[in-house]
Amino acid sequence: MFLKGKTALVTGSTSGIGLGLAKAFAAEGAQVIINGFGEADAIEKERQALEELSGAKAIYDSADLTKAEAIADMFLRAEADFGGVDILVNNAGTQFVSPIEDFPPEKWDLILSLNLTSAFHTIRHAVPTMRKKGWGRIIGTASAHSLVASPFKSAYVAAKHGLAGLTKTVALEVADAGITVNCISPGYVWTPLVENQIPDTMKARGMTREQVIDDVLLASQPTKEFVTVEQVAALATFLCRDEAANITGANLSVDGGWTAH
Ligand code: NAD
């Protein structure tokens with residue numbers, strides 16, 4: 001349990017990849033702060049399960065990450081309850097699929113705000129405590145779409161490329177402070193985010209559900225397999241080890257060969 005005594009904040013961790021990351025950190029003994037939306041009873045069950053896994057405290061913070069004040073409050077609470085955040089994962093994200101000429105401006109604003117601007121806010125709140133401790137790990141769940149584009153995902157691709165750029169910039173700024181900053185770029189992982197975009201992709205491309213899965217999603221991944229949440233979580237956990245202290249400013253692909261094309 002090499003993360004005993006450390007506190008990990010994973011944004012958007014009531015579901016999908018974020019929940020998998022929270023479980024992986026808890027399994028290594030970390031105190032975990034989970035965040036995101038969902039049904040109160042289900043979230044409370046997950047919180048309790050995390051405490052059982054880690055033998056340490058786990059808390060849930062309902063901050064809406066599109067609101068800068070809510071992010072500031074979440075960090076005040078982390079400071080009060082745990083003395084700050086040692087491991088920050090900017091994972092919350094959403095998707096919307098539409099041709100550019102019909103792309104609703106409010107969806108553009110939401111995706112940029114949640115998938116990119118929230119990471120600016122969390123990082124600026126997290127860095128001062130990490131600097132004081134001389135140790136920190138900042139990880140972004142980016143995407144293969146931080147490296148390459150797909151049609152109809154203008155806001156998502158722009159935000160993820162932005163997150164990759166933010167990662168590199170902050171890595172340089174904190175490189176001498178014991179803090180590493182990286183992003184992990186998964187290909188398609190089977191989570192609600194992927195499942196929910198299937199109907200819109202069917203509409204945008206005039207395809208059946210099976211065609212979207214085989215000819216759009218898995219067409220990009222030479223392995224022809226969805227990436228698993230556990231595979232992403234294993235890499236994130238490795239990045240927290242001392243052996244990973246010189247991995248910084250990197251954009252690490254877990255995409256079944258997608259971006260090797
Ligand atoms: P998901 O939909 O299962 O989880 C998204 C999480 O974000 C949920 O916990 C949700 O409650 C939370 N969230 C949504 N809006 C929020 C808000 N305003 N404030 C706080 N939390 C909010 O999605 P996922 O597939 O697990 O995606 C997680 C991250 O991984 C995203 O950034 C996504 O872009 C990225 N990603 C996913 C895939 C994939 O194939 N699933 C691939 C590459 C990258």
Side-chain angles (χ1 to χ4, degrees), residues 1-95 113-115 118-119 121-123 125-126 129-130 133 135-141 184 186 189-196 227-241:
M1 288 208 160
F2 79 102
L3 293 178
K4 233 179 190 1
K6 299 270 195 256
T7 299
L9 165 60
V10 184
T11 69
S13 46
T14 52
S15 158
I17 296 171
L19 183 57
L21 291 168
K23 284 181 184 164
F25 294 141
E28 293 296 348
Q31 302 168 139
V32 178
I33 304 170
I34 53 168
N35 154 263
F37 300 151
E39 209 248 303
D41 287 351
I43 294 173
E44 176 53 19
K45 269 197 199 116
E46 295 293 359
R47 194 199 62 76
Q48 286 176 13
L50 289 167
E51 287 192 338
E52 270 161 38
L53 255 179
S54 63
K57 195 168 158 186
I59 63 173
Y60 164 64
D61 193 297
S62 62
D64 177 346
L65 299 175
T66 62
K67 311 243 179 323
E69 324 78 65
I71 296 174
D73 288 347
M74 181 167 68
F75 273 85
L76 286 176
R77 192 172 166 206
E79 198 67 45
D81 284 19
F82 295 129
V85 170
D86 304 294
I87 299 162
L88 165 66
V89 185
N90 287 305
N91 170 79
T94 188
Q95 173 63 285
S113 166
L114 181 61
N115 296 17
S118 73
H121 290 300
T122 57
I123 291 172
H125 289 302
T129 305
M130 291 180 177
K133 293 186 181 179
W135 194 94
R137 293 290 187 264
I138 299 174
I139 301 169
T141 309
I184 297 178
V189 187
W190 190 258
T191 68
L193 181 138
V194 167
E195 202 160 2
N196 293 340
V227 175
T228 68
V229 166
E230 290 72 23
Q231 289 164 349
V232 176
L235 177 54
T237 306
F238 177 73
L239 289 174
C240 298
R241 290 192 173 273

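None of the values given here were measured: they were computed from a predicted structure.
Between atom OG of residue Ser113 and atom NZ of residue Lys67 there is a gap of 8.0 Å, rounded to the nearest 0.5 Å. A distance of 11.5 Å separates CG of Leu19 from OG1 of Thr191, quoted to the nearest 0.5 Å.
Leu21 places a side-chain heavy atom less than 4.5 Å from the side chain of Ile17. Looking at Val227 and Val232, their side chains come closer than 4.5 Å, going by heavy atoms from C-beta outward. Within the 4.5 Å cutoff, the side chain of Asp64 has heavy atoms near those of the Phe37 side chain. Taking 4.5 Å as the limit, some side-chain heavy atom of Met74 sits within range of a side-chain heavy atom of Leu9. Using a 4.5 Å heavy-atom threshold, the side chains of Lys4 and Glu28 count as separate. Between Phe25 and Leu50, the closest side-chain pair of non-hydrogen atoms is not below 4.5 Å. Side-chain contact between Ile87 and Trp135 is present, with heavy atoms from C-beta onward closer than 4.5 Å. Within the 4.5 Å cutoff, the side chain of Ile34 has heavy atoms near those of the Ile43 side chain.
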Would you sort out whether Gln48 and Glu52 count as a side chain to side chain donor-acceptor pair (under 3.5 Å), showing the intermediate values?
CA-CA 6 Å; Gln48 286 176 13; Glu52 270 161 38; over 6 Å; no
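Side-chain atoms of Thr11 come within 3.5 Å of backbone N or O of Asn91 as a donor-acceptor pair. One N or O on the side chain of Asn35 and one on the backbone of Ala63 form a donor-acceptor pair closer than 3.5 Å. Arg137 contributes no side-chain N or O that, together with a main-chain N or O of Leu88, makes up a donor-acceptor pair within less than 3.5 Å. Side chain of Glu51 to main chain of Lys57: no donor-acceptor pair is present (N/O by atom type, distance under 3.5 Å, no hydrogens or angles). Distance alone, capped at 3.5 Å, places no donor-acceptor pair between the Asp86 side chain and the Met130 backbone. In this structure, Ser13 contributes its side chain and Ala22 its backbone to no donor-acceptor pair below 3.5 Å. Checking side-chain atoms of Tyr60 against main-chain N and O of Gly36 turns up a donor-acceptor pair under 3.5 Å.
With salt bridges taken as basic N to acidic carboxylate O contacts below 4.0 Å, one links Asp61 and Arg77.
In this model, a donor atom of one side chain and an acceptor atom of the other lie less than 3.5 Å apart for Glu79 and Thr129.
Checking Thr141, Thr122, Val10, Ile139 one by one against Asn90, the side chain to side chain contact (heavy atoms under 4.5 Å, CB included) holds for a single residue, Thr122.
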